[in-house]
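Report on the following structure.
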Amino acid sequence: MALQVNGRTHRLEMDARTTLLDALREHIGLTGAKKGCDHGQCGACTVLVDGRRELSCLTLAVSVGEREVTTIEGLAEPGGDLHPMQQAFIDRDAFQCGYCTPGQILSAIGCVREGHAATPEAIREYMSGNICRCAAYPNIVAAVMQARDQVEGG
Ligand code: FES
Ligand code: FES
């Protein structure tokens, strides 16, 4: 099967039961998407599929088909310039251990595109699918507020 990830086509031979998360991590070598629970309860595996956030641990790779998958590795410009949401997370100190962070950043982009970033309350509610044990939540809200006007489609 083929997966479209970050603008590239990857041809893979995998068991049909392989999740998108394991396909990314084990078969393509993109380890930015993290496995915190593998049961859809933590959000560390969040990626964008055709621009919308999805939990890659609950998505079978074969079900993605021709749709475009974006992982944290695909956000920065080829020249290295960070995506505004990545920069905002740094500016606002919105992570500590960094394990939840790829999922938080992709989820934050999805949150803005969905129109759920108008207020701190909305951001908290619509980012609540991403757990952070380091409790960076206030700074994550600040980062989303900083970057929301620069996120395309937001
Ligand atoms: S690893 Fe997918 S939600 Fe936790
Ligand atoms: S930064 Fe450590 S879990 Fe969120």
Side-chain angles (χ1 to χ4, degrees), residues 1-6 10 12 14-76 80 82-114 116-117 119-148 150-151 154:
M1 65 165 294
L3 273 181
Q4 317 290 332
V5 184
N6 301 332
H10 298 266
L12 306 163
M14 298 182 304
D15 189 291
R17 293 168 293 186
T18 308
T19 63
L20 177 58
L21 178 58
D22 286 342
L24 292 169
R25 292 181 56 86
E26 316 274 332
H27 293 264
I28 302 180
L30 294 173
T31 55
K34 299 292 187 248
K35 186 183 287 189
C37 70
D38 217 16
H39 296 291
Q41 291 174 348
C42 75
C45 65
T46 305
V47 299
L48 300 176
V49 180
D50 278 350
R52 300 178 59 85
R53 47 186 171 171
E54 285 199 19
L55 295 174
S56 61
C57 74
L58 292 187
T59 304
L60 288 178
V62 290
S63 75
V64 175
E66 293 291 298
R67 296 188 295 158
E68 174 66 26
V69 179
T70 305
T71 71
I72 193 73
E73 292 91 344
L75 284 188
L82 294 179
H83 184 284
M85 193 63 79
Q86 292 176 304
Q87 188 62 53
F89 268 64
I90 294 170
D91 293 346
R92 300 292 170 153
D93 204 14
F95 55 92
Q96 288 184 40
C97 78
Y99 198 84
C100 74
T101 312
Q104 298 280 5
I105 289 174
L106 289 159
S107 195
I109 293 168
C111 178
V112 172
R113 286 185 181 151
E114 292 160 18
H116 290 143
T119 63
E121 292 73 26
I123 294 169
R124 273 197 289 276
E125 172 71 19
Y126 286 94
M127 288 295 293
S128 63
N130 291 80
I131 291 174
C132 177
R133 289 185 63 173
C134 303
Y137 298 116
N139 296 6
I140 291 169
V141 172
V144 177
M145 305 264 287
Q146 174 181 316
R148 67 182 171 196
Q150 298 157 267
V151 173

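Start at 1 and go down the list; that is how both ligands and their atoms are numbered.
- The C132 neighbourhood of ligand 2 comprises atoms 1 (S), 3 (S), 4 (Fe), with distances under 4.0 Å to a heavy atom of that residue.
- Put simply, CD1 on I123 and NE2 on H116 are 11.5 Å apart, with the number rounded to the nearest 0.5 Å.
- Less than 4.0 angstrom separates some heavy atom of G36 from each of these atoms of ligand 1: 1 (S).
- With R148 contributing its side chain and A117 its backbone, the two residues share a donor-acceptor pair below 3.5 Å.
- Interface of C100 with ligand 2, defined as ligand atoms under 4.0 Å from a residue heavy atom, comprises 1 (S), 3 (S), 4 (Fe).
- Heavy-atom proximity to C134, at under 4.0 Å, picks out these atoms of ligand 2: 1 (S), 2 (Fe), 3 (S).
- L106 CG to M85 CE: the interatomic distance, rounded to the nearest 0.5 Å, is 10.0 Å.
- Between atom CG of residue L48 and atom CD1 of residue I72 there is a gap of 9.0 Å, rounded to the nearest 0.5 Å.
- Per-residue contacts place C97 under 4.0 angstrom from the following atoms of ligand 2 (heavy atoms of the residue considered): 1 (S), 2 (Fe), 3 (S).
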Working note: I28 + T71, criterion side-chain contact (heavy atoms from CB on, under 4.5 Å); need CA distance, chi angles, decisive distance, verdict. CA-CA 12 Å; I28 302 180; T71 71; over 6 Å; no
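- Of all the atoms in ligand 2, the ones that sit under 4.0 Å from a non-hydrogen atom of R133 are 3 (S).
- Taking backbone and side chain together, C37 holds an N, O or S atom under 2.8 Å from atom 4 (Fe) of ligand 1.
- In the vicinity of Q41, heavy-atom distances shorter than 4.0 Å reach the ligand 1 atoms 3 (S).
- The C45 neighbourhood of ligand 1 comprises atoms 1 (S), 2 (Fe), 3 (S), with distances under 4.0 Å to a heavy atom of that residue.
- In summary, H39 places no N/O/S atom under 2.8 Å from atom 4 (Fe) of ligand 1, failing the contact criterion.
- Of all atoms in ligand 1, listed by their number and element, those nearer than 4.0 Å to a heavy atom of G40 are 3 (S).
- Among the atoms of C42, none of the N, O or S atoms falls under 2.8 Å from atom 2 (Fe) of ligand 1.
- If you run side-chain contact (heavy atoms from CB on, under 4.5 Å) between V64 and each of R67, E66, E68, only R67 comes through.
- Near G98, the atoms of ligand 2 lying under 4.0 angstrom from a non-hydrogen atom of the residue are 1 (S), 2 (Fe).
- Here the protein heavy atom with the shortest distance to atom 1 (S) of ligand 1 is D38 N, 3.1 Å.
- Looking at L20 and L3, their side chains come closer than 4.5 Å, going by heavy atoms from C-beta outward.
- Of all the atoms in ligand 2, the ones that sit under 4.0 Å from a non-hydrogen atom of Q96 are 1 (S).
- Heavy-atom contacts of G43 reach the following atoms of ligand 1: 3 (S), 4 (Fe) (cutoff under 4.0 Å).
- The backbone N or O of M127 lies less than 3.5 Å from no partner atom in the side chain of S107, so there is not a single donor-acceptor pair.
- Considering NZ of K35 and OG of S56, their distance stands at 9.0 Å, rounded to 0.5 Å.
- For the 3.5 Å distance criterion, the side chains of Q146 and D91 qualify, holding a donor opposite an acceptor.
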